[in-house]
Amino acid sequence: MQVNWIGRSEGALIQFPLLEGEDTLEIFTTRPDTIFGASFIGISPDHPFVENLAKTIPALQTFIAECRAMGTSQKELDTAEKKGFNTSLFVRHPFLEDVKLPIYVANFVLMDYGTGIVFGCPAHDLRDYEFALKYTLPILPVVKGPSEAPLPYEGEGILINSHFLNGLETQEAKKVAIQHLVKEKIGASEITYKLRDWGVSRQRYWGCPIPIIHCSHCGIVPVPEDQLPVVLPQDVAFDQPGNPLDLHPTWKIVDCPQCHKPAERETDTFDTFIESSWYFARFCSPHALQPFDKEKAEFWMPVDQYIGGIEHAILHLLYSRFFTKALKACGYWALSEPFKNLLTQGMVCHETYRDQTGSWLYPHEVEKQEGRFVKLSDNTPVTVGRSEKMSKSKFNVVPAAKIVEEYGADTARLFMLSDSPPERDFEWTEAGIEGSWRYINKLWRLVMSHLPEIKTIKRGERPSPLTPNAIRIQKLTHKTLFHVTQDIERFHYNRYIARLREFSNSLEEFLPSDPSEWWALNEALHTLVLIISPALPHVAEALWAELGHSPFVINQPWPKAEAEYLIEDKVTLAIQVNGKMRGAFEMSPRLEEEEARALILDLPFVKAHVQGKVIKKFIYIQGKIANVVL
RNA sequence: GCCCGCUUGGUGGAAUGGUAGACACAACAGACUUAAAAUCUGUCGAUCGAAAGGUCGUGCCAGUUCGAGUCUGGCAGCGGGCACCA
């Protein structure tokens with residue numbers, strides 16, 4: 001996505017000399033190869049050259065005013081007509097002594113990209129094509145594409161009608177054209193970026209003050225270094241619209257650092273993106289006297305994993321990268337990129353509701369009755385809109401404080417983790433929160449119900465022998481631990497929660513009947529409490545205490561899955577005939593092919609499908625699948 | 001127009017190329033209860049069948065493979081971002 005925002009493009013700067021006088025117009029193009037197809041010059045109405053020219057041409061002033069009046073909404077831009085003003089001036093073609101090109105002021109040429117001037121090549125650019133049709137300018141094809149390609153043809157091809165470029169391919173022609181420009185001293189290769197300006201000031205209180213003082217005598221004066229940082233005043237009032245800093249006399253009025261006469265502070269503050277563009281460096285050295293400690297920052301940086309919403313994926317990430325590179329260029333550190341990995345998390349969404357008058361309703365003002373939604377206050381029907389990003393303006397928000405109060409923070413946390421993978425949008429529902437609430441209660445009952453027996457068991461002392469059921473529970477514990485650890489490390493939080501549920505469901509069904517089985521259950525429950533703690537920190541601590549331990553779970557090491565308990569003795573093998581599932585068969589996962597083949601071919605359902613036909617191939621993947629190919 | 005992301009049951013979503021639908025939500029049926037809540041049990045892709053079982057099924061069309069939700073090529077739809085960027 002950043003490619004789009006940074007918008008690097010390689011091309012050339014070319015000088016076009018005016019026919020009269022000494023001046024030249026400089027243009028930027030990514031298609032210097034199409035130079036011989038040029039039929040006009042387009043200048044932005046905002047270009048200084050045009051402003052100058054307009055002083056003596058009233059009609060041009062009118063045209064510029066029209067262009068500026070044009071709307072900037074998407075619809076208006078989409079439908080805007082190409083318009084030009086013929087200046088009656090000409091430039092000479094850089095390579096062709098006797099070719100002159102008319103100069104138009106054109107409404108579609110942007111001042112803030114390139115040089116604000118373009119050469120128009122109607123045969124190979126849609127905008128120039130439309131423009132040329134309107135003002136009957138020549139349309140000379142100079143790139144031969146596929147024969148069926150209509151004009152304007154914007155793709156690559158072989159150059160024609162182009163003198164020394166004839167016969168070259170687009171890429172090669174670009175290079176050769178630039179070589180000629182350089183040789184003639186009328187141009188050069190150039191790289192431009194369309195990264196938009198970042199207006200870093202905001203007319204609001206919440207932000208870092210901009211350390212500038214405006215003095216009526218000395219102009220704009222920076223706050224001297226020994227007076228930094230400028231700190232926001234605490235005694236501000238928000239009872240009036242606008243920026244409270246503007247209305248704060250004692251903070252705003254200061255003496256000018258230069259002439260010491262009364263002056264005013266800058267009351268705009270920095271965009272919060274300014275601080276978030278380098279805070280990670282400060283985090284590495286919170287006690288440093290300077291903004292950050294180079295050595296410590298270089299030790300800890302870059303950030304291993306950055307998590308943010310979609311707006312962070314473009315703006316914040318872009319700015320952070322800029323700051324990081326700028327700090328490097330200024331010698332503050334040797335780092336060129338701030339983050340190793342980015343996880344772009346989804347947004348929290350909720351259904352939207354409207355009453356019969358079309359007004360938005362909060363979720364708590366609405367109730368589902370017999371499959372239909374009605375307004376609680378008067379039982380009138382409610383229109384349910386699609387689920388959208390939670391937004392104050394659409395009322396589809398759920399106050400976090402209320403959820404925490406009713407269900408506890410762990411319930412909310414569990415729901416958010418379990419419902420969908422973090423990178424996708426998340427649908428907030430009452431049913432979902434209820435489901436998480438039920439699970440927490442279930443977990444609690446599971447541990448509490450076994451508490452009396454379990455408290456008599458010593459952890460770690462593995463009894464011998466273990467019953468088959470004890471072995472089964474022990475293996476399940478380690479298998480769960482293994483997968484849960486992996487899921488968390490890979491950000492598969494919804495699967496992590498699913499594993500927890502599978503595990504606790506199995507433990508619920510398990511009724512120990514032997515000391516070794518109680519031992520296994522005790523191990524399992526301890527493990528369960530440890531591994532729920534990232535998702536359910538409060539519940540985990542409470543259960544940890546109930547199990548008779550001192551605080552805190554969070555200080556316990558993460559348990560380790562032992563490889564020896566991950567080995568399965570028996571596994572259900574999927575059996576296919578001609579690639580189609582025909583059944584399953586339980587066997588050791590370590591059985592060799594020859595033995596397995598004999599077993600499988602003897603199975604009744606396999607025989608039924610084979611019916612004595614010749615077996616062309618027998619595929620056997622240990623512990624996974626067998627496929628009999630006829 | 002360009003750039004991202006997405007497309008699997010009624011819903012959210014699982015599935016290192018190897019039994020599609022794990023785990024949930026909703027729904028339905030049942031147990032417990034005077035009743036309700038809570039809890040527990042069962043059913044839950046479509047279709048044919050009394051059953052056993054069969055056939056189809058991961059947006060669409062091809063391809064690779066013993067085997068494709070997963071890989072390759074092409075297409076469509078939905079959502080988001082940017083947009084006259086020369």
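Since the model is a prediction, treat every value here as computed from it, not as a measurement. Throughout, a chain's letter reflects where its sequence line sits, starting with A, and its residues are numbered from 1.
The main-chain N or O of A/Lys570 is never found under 3.5 Å from a side-chain atom of A/Glu586 such that the two would form a donor-acceptor pair. Listed for the A/Asp128 side chain is no donor-acceptor partner under 3.5 Å among the backbone atoms of A/Pro122.
When distances are taken from the side chain of A/Thr30 to each of B/A86, B/U55, B/U19, the shortest belongs to B/A86. Nearest to the side-chain atoms of A/Thr29 among the listed nucleotides B/C6, B/U19, B/A86 stands B/A86. Of all nucleotides listed (B/U55, B/U19, B/G12), B/G12 comes nearest to the side chain of A/Asp419. Which of B/A14, B/A24, B/A26 sits closest to the side chain of A/Ala431 comes down to B/A26. For A/Lys82, counting side-chain heavy atoms from C-beta on, the closest listed nucleotide (B/C66, B/C84, B/A86) is B/C84. Between B/U19, B/U39, B/A24, one nucleotide has an atom nearer to the side chain of A/Met581 than all others, and that is B/U19. Taking the side chain of A/Arg424 as heavy atoms from C-beta on, and the options B/A24, B/C84, B/C6, the nearest nucleotide is B/C6. Minimum atom distance to the side chain of A/Ala498 is reached by B/A22, of the listed B/G18, B/A24, B/A22. Distance from the side chain of A/Ser420 is smallest to B/G12 among B/G12, B/A14, B/A86.
Figure legend. B/C82 is base-paired to B/G1; pairs are counted as Watson-Crick or G-U wobble with both atom distances under 3.5 Å. Both distances falling under 3.5 Å, in either a Watson-Crick or a G-U wobble arrangement, place B/U55 opposite B/A46. Using Watson-Crick or G-U wobble geometry with both donor-acceptor distances under 3.5 Å, B/U34 finds no partner in any strand shown. In this structure, B/A76 forms a base pair with B/U7, meeting either the Watson-Crick or the G-U wobble geometry with both donor-acceptor distances under 3.5 Å. Pair assignment for B/A20: none, as no Watson-Crick or G-U wobble contacts are both less than 3.5 Å.
Nucleotides B/G63 and B/G54, compared at atom P, are 27 Å apart to the nearest Å. Nucleotides B/G81 and B/A86 place their C1' atoms 22 Å apart, quoted to the nearest Å.
For A/Lys82 and A/Phe108, the positive end sits near the middle of the six-membered ring, less than 6.0 Å away and at most 45° from its axis. Judged by the 6.0 Å and 45° rule, A/Arg597 forms no cation-pi pair with A/Tyr620.
Here A/Asn441 lies out of heavy-atom contact (under 4.0 Å) with every strand. No contact: A/Arg499 has no heavy atom under 4.0 Å from any strand. Residue A/Arg490 is out of contact with every strand shown, counting any heavy-atom pair closer than 4.0 Å. Counting any heavy atom pair closer than 4.0 Å across all strands shown, A/Lys616 reaches no nucleic acid atom.
By the side chain to side chain contact (heavy atoms under 4.5 Å, CB included) test, A/Ile625 is found to be paired with A/Ala574, A/Gln576, A/Ile621, residues two or more places apart in sequence or in another chain being considered.
A donor-acceptor contact under 3.5 Å is formed by the side chain of A/Arg127 with the base of B/A86. Between the side chain of A/Gln576 and the base of B/G18 there is at least one donor-acceptor pair of N/O atoms closer than 3.5 Å.
Shown here, B/G9 is classed syn by the O4'-C1'-N9-C4 or O4'-C1'-N1-C2 angle, which is within 90° of 0.
Between A/Phe36 and A/His93, the two ring planes are parallel [angle under 30°; tilted spans 30° to 60°]. Note on ring orientation: taking the six-membered ring where Trp is involved, the planes of A/Phe415 and A/Trp428 are perpendicular (angle over 60°, cut-offs 30° and 60°).
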Discussion item. One character per nucleotide, please: for nucleotides 45-51 of chain B, 5' to 3', B when the base has a protein heavy atom closer than 4.0 Å, S when only the sugar-phosphate does, - otherwise.
Written reply: -------
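Under the 4.5 Å side-chain criterion, counting only non-hydrogen atoms from C-beta, A/Ile619 is in contact with A/Lys617.
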